[in-house]
2 protein chains.
Amino acid sequence: MIARRRDHALYQQLADVLREQIQQGAYGAGTGFPAERELCKLHGLGLMTVRRAMAILREEGLITTSRGSGSVVRVPIRRATVVLDADSCLIARMPSAVERHAMNLEPGVPLLEIRHVRGQVQVLAADQVEVTGRSTAAG
Amino acid sequence: MIARRRDHALYQQLADVLREQIQQGAYGAGTGFPAERELCKLHGLGLMTVRRAMAILREEGLITTSRGSGSVVRVPIRRATVVLDADSCLIARMPSAVERHAMNLEPGVPLLEIRHVRGQVQVLAADQVEVTGRSTAAG
DNA sequence: CCGGATTTGTACGTATGTATT
DNA sequence: GAATACATACGTACAAATCCG
């Protein structure tokens, strides 16, 4: 039951409940998700509380939200593999507003900034790649 | 000047202004930052707008905010270097609520999940490490 | 050590704009 | 065009942490 506590905020409690429901397949991948106002009525919470809870699930990549149509449970992403050369450097960070717009990134997606030995810099959306070290046999 | 536009939300405009001020050293590293309500009065904006703008700066790692004391401009972080073995795999993702609590992570910090060849899995806060491929000469 | 002032955190209600169906 | 649904934005209130005299 969601109730006011000192240690757990209402929006965190709601996020926990919804995450549990998603992982138990209560809504199905790619299927609809209750509307914001519907969740307000269902749990007796305010709009801000519901929106903060859903923002958490978005950042965790569990749902995607579109204006006008609502939210859907996300299907797992297929990742491309990127090879990290020896002595090259990888940094994960959040994108700036400009980068998020230019790369058409969804909120909450980190960037991988790979600085190669020869000075080349590669910036990738972290939710679309896996990174592996170069095979010593091949390199 | 910050004004209502269709393409740029007020909180984004404010974040841009504050980011500019920070990068020009208007507040100094480790020094104080205007209080939320002060920014409201300064720019003639509501509390929600100011808080969203500051949330953006927090996610970008430019400021840290503490309840009761306020916000300060962040000093650049010193990163440790982690070697990524050949054929091991790195995934960057956002932490769950449990992980964020267990690892004492600040909001907006991505995790680096490194899966080594031998099955060992290493989970690190992305703002505290740089990752490099293993040197072919040494490996 | 206590108490007040300051500052952020949480939470609700409401209104308007905009995209989708 | 209408209904639905999310995005932005303001105002308000109280709780909790911190700071300072």
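The basis for the numbers below is simple: all heavy atoms, side chains too, and nothing from hydrogens, waters or symmetry mates. Since the structure is predicted, the reported quantities are computational estimates derived from the model, not experimental observations. All chains are named by letter (A, B, ...) in the order of the sequence lines, taking the proteins before the strands, and each is independently numbered beginning at 1.
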Looking only at side-chain atoms of Arg67(A), point me to the closest of dT18(C), dA11(C), dA17(D). dT18(C)
Val72(B) and Phe33(B), any side-chain heavy atoms less than 4.5 Å apart: no
Round to a whole Å and report the spacing from CG of Leu45(A) to P of dG13(C). 10 Å
Please tell me if the side chains of Gln12(A) and Arg5(A) come closer than 4.5 Å, counting only heavy atoms from C-beta onward. no
With sequence neighbours excluded, residues passing side chain to side chain donor-acceptor pair (under 3.5 Å) with Arg19(B): Asp16(B), Glu60(B)
Just checking Gly68(B): base, sugar-phosphate only, or nothing, at a heavy-atom cut-off of under 4.0 Å? base
Does dA9(D) have OP1 or OP2 under 4.0 Å away from a side-chain N or O of Arg52(B)? no
Return the value, rounded to whole Å, for the distance between atom CD of Glu36(A) and atom P of dA9(D). 15 Å
Mind listing the side-chain donor-acceptor pairs of residues 119-133 of chain A below 3.5 Å, one per line with the distance, residues two or more places apart or on another chain?
residue, atom, partner, partner atom, Å
Gln122(A), OE1, His116(A), NE2, 3.1
Thr132(A), OG1, Ser88(B), O, 2.7

For the pair made of NE2 in His43(B) and C1' in dA9(D), what is the distance, rounded to whole Å? 16 Å
Whether Arg51(B) contacts dG9(C) is assessed here as follows: a side-chain N or O lying under 4.0 Å from the phosphate OP1 or OP2. Is that the case? yes
Please report the distance, rounded to the nearest Å, between CG in Leu39(B) and C1' in dT7(C). 12 Å
Between atom CD1 in Ile63(B) and atom P in dT8(C), what is the gap in whole Å? 9 Å
Heavy atoms under 4.0 Å, any strand shown: does Arg6(A) hit a base, just sugar-phosphate, or nothing? sugar-phosphate
In whole Å, what is the span from the CZ atom of Phe33(B) to the C1' atom of dT6(C)? 17 Å
For Glu38(A) and dC6(D), what is the distance between atoms CD and C1' respectively, to the nearest whole Å? 14 Å
dC6(D) C1' sits how many Å from Leu57(A) CG, rounded? 16 Å
Scan Arg4(A) against the nucleic acid and name what it touches under 4.0 Å (heavy atoms): base, sugar-phosphate only, or nothing. sugar-phosphate
Map Ser69(A) and Leu47(A) onto DNA chain C by nearest heavy atom, then report which one ends up closer to the 5' terminus. Leu47(A)
For Tyr11(B) and for Met48(A), locate the closest nucleotide of DNA chain D by heavy-atom distance; then report the residue assigned to the nucleotide nearer the 5' terminus. Tyr11(B)
Thr65(A) and Arg58(A): side chain donor to acceptor below 3.5 Å: yes
Counting heavy atoms from C-beta on, name the nucleotide in dA7(D), dA5(D), dA9(D) closest to the side chain of Arg37(A). dA7(D)
